[in-house]
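Just below is one structure, and these are the notes that go with it.
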Amino acid sequence: MIDYQHQQHPHQPYAPQPQYAHPYQQPYQPQPYPQPPVVPEPVGDARRMLSAVIDGAITVFAGFGLAHQLADDKTVGVFWGYVAAGFFGVSFVHHVLGAVIFRTTVGKFLLVTRVVREADAGRPRFWQSVRRWLLGLTWLPLQPLWSLFGAEGELYEDACGLRNVRSKDLR
């Protein structure tokens with residue numbers, strides 16, 4: 001059986017071919033530059049300070065509670081050692097691991113803010129969060145000293161490449 005449908009006709013020996021065009025003869029079409037990611041604006045100072053107060057209160061109360069549980073009938077010096085260890089341990093877990101894993105702490109969560117990288121609004125990296133935690137531990141106690149010497153206590157600007165933003169701005 002002959003399939004006449006797929007047979008070529010004598011007046012059309014080849015299928016139509018597109019015209020060959022040299023690649024440099026095509027019209028120039030500029031490629032768009034990659035746009036940097038949109039990073040939301042940082043939250044206001046009031047929201048930032050209130051979340052720091054909430055986080056600080058949680059850290060202090062949890063540190064004292066942990067020390068009270070661990071050093072129930074120990075001497076006063078051992079108790080204060082446990083208080084210091086509990087304070088720094090709870091503070092590290094709360095501020096560093098909370099920021100890395102959940103992008104927030106309890107105080108920031110209550111105020112509907114998140115911690116993001118300034119460069120691309122991504123999740124904070126571990127060492128960025130550690131540097132931020134250490135900077136916060138040194139910055140807060142030194143603020144009264146700066147005010148005694150008459151230095152204008154500039155508001156804390158994050159030098160670690162992280163920023164607090166509103167949660168709704170990340171969507």
Side-chain angles (χ1 to χ4, degrees), residues 23 26-71 79-171:
Q26 294 177 358
Y28 174 72
Q29 295 176 355
Q31 299 295 324
Y33 290 108
Q35 297 297 321
V38 177
V39 180
E41 291 296 316
V43 297
D45 293 329
R47 186 180 281 192
R48 204 176 157 130
M49 285 188 265
L50 185 57
S51 69
V53 167
I54 293 170
D55 290 336
I58 289 170
T59 301
V60 168
F61 287 123
F64 272 111
L66 189 61
H68 182 68
Q69 291 294 321
L70 294 175
F79 174 75
W80 287 108
Y82 279 129
V83 167
F87 171 76
F88 286 114
V90 168
S91 177
F92 180 83
V93 168
H94 189 175
H95 289 94
V96 175
L97 298 181
V100 170
I101 296 170
F102 303 113
R103 295 174 86 170
T104 190
T105 61
V106 174
K108 290 173 186 61
F109 179 76
L110 292 174
L111 295 174
V112 196
T113 60
R114 299 290 181 263
V115 179
V116 297
R117 289 192 308 257
E118 279 185 346
D120 59 357
R123 188 174 297 278
R125 294 194 171 97
F126 178 76
W127 291 111
Q128 280 180 317
S129 296
V130 169
R131 282 193 309 262
R132 181 183 181 149
W133 174 66
L134 291 173
L135 184 64
L137 285 179
T138 57
W139 175 79
L140 284 173
L142 291 179
Q143 286 306 302
L145 293 175
W146 286 116
S147 64
L148 288 176
F149 293 113
E152 288 286 324
E154 284 188 22
L155 293 174
Y156 172 65
E157 294 297 325
D158 201 355
C160 300
L162 299 176
R163 146 188 316 189
N164 291 344
V165 298
R166 294 183 305 180
S167 295
K168 71 178 184 177
D169 291 343
L170 292 175
R171 296 182 189 142

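FYI, side chains are in, hydrogens and waters are out, and symmetry mates aren't considered; it's all heavy atoms of this structure. What you see is a predicted model, and the numbers here were worked out from it, not measured in a lab.
- The pair Arg117-Asp120 meets the salt-bridge criterion, with a side-chain N (NZ, NE, NH1 or NH2) lying under 4.0 Å from an Asp/Glu carboxylate O.
- At a threshold of 4.5 Å between non-hydrogen side-chain atoms, the residues Leu137 and Phe88 count as touching.
- Listed by chain and number, the residues in a salt bridge (charged side-chain N to carboxylate O under 4.0 Å, His left out) with Arg47 amount to none (sequence neighbours excluded).
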Report the C-alpha distance between Leu134 and Val130 in whole Å, list the side-chain angles of each, state the deciding distance to 0.1 Å, and finish with yes or no for side-chain contact (heavy atoms from CB on, under 4.5 Å). CA-CA 6 Å; Leu134 291 173; Val130 169; 4.1 Å; yes

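- No side-chain heavy atom of Phe102 sits less than 4.5 Å from a side-chain heavy atom of Leu97.
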Return all side-chain donor-acceptor pairs below 3.5 angstrom for residues 52-61, not counting sequence neighbours, or 'none' if the list is empty.
residue: Asp55; atom: OD1; partner: His94; partner atom: NE2; Å: 3.4
residue: Asp55; atom: OD1; partner: Thr105; partner atom: OG1; Å: 3.2
residue: Asp55; atom: OD1; partner: Gly107; partner atom: N; Å: 2.7
residue: Asp55; atom: OD2; partner: Thr105; partner atom: OG1; Å: 2.6
residue: Asp55; atom: OD2; partner: Lys108; partner atom: NZ; Å: 3.4
residue: Thr59; atom: OG1; partner: Asp55; partner atom: O; Å: 2.8

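- With contacts defined as side-chain heavy-atom distances shorter than 4.5 Å, the pair Ser129/Leu162 qualifies.
- Counting heavy atoms from C-beta outward, Arg163 and Val115 have side chains that stay 4.5 Å or more apart.
- Of all the heavy atoms in Val100 and Phe126, the pair that sits closest is CG2-CA, 3.7 Å.
- Rounding to the nearest 0.5 Å places CH2 of Trp127 at 13.0 Å from SG of Cys160.
- Heavy atoms only, all atoms of each residue included: Val43 and Val165 are closest at CG1-C, 3.5 Å.
- Considering only heavy atoms from C-beta on, Arg114 comes within 4.5 Å of Leu170 through its side chain.
- Thr113 places no side-chain N or O within 3.5 Å of a backbone atom of Phe109 that could act as its donor or acceptor partner.
- Using the six-membered ring where Trp is involved, Phe64 and Phe79 have ring planes that are tilted, between 30° and 60° apart.
- Proximity of Ser51 to Leu110: side-chain heavy atoms (C-beta onward) are nowhere separated by under 4.5 Å.
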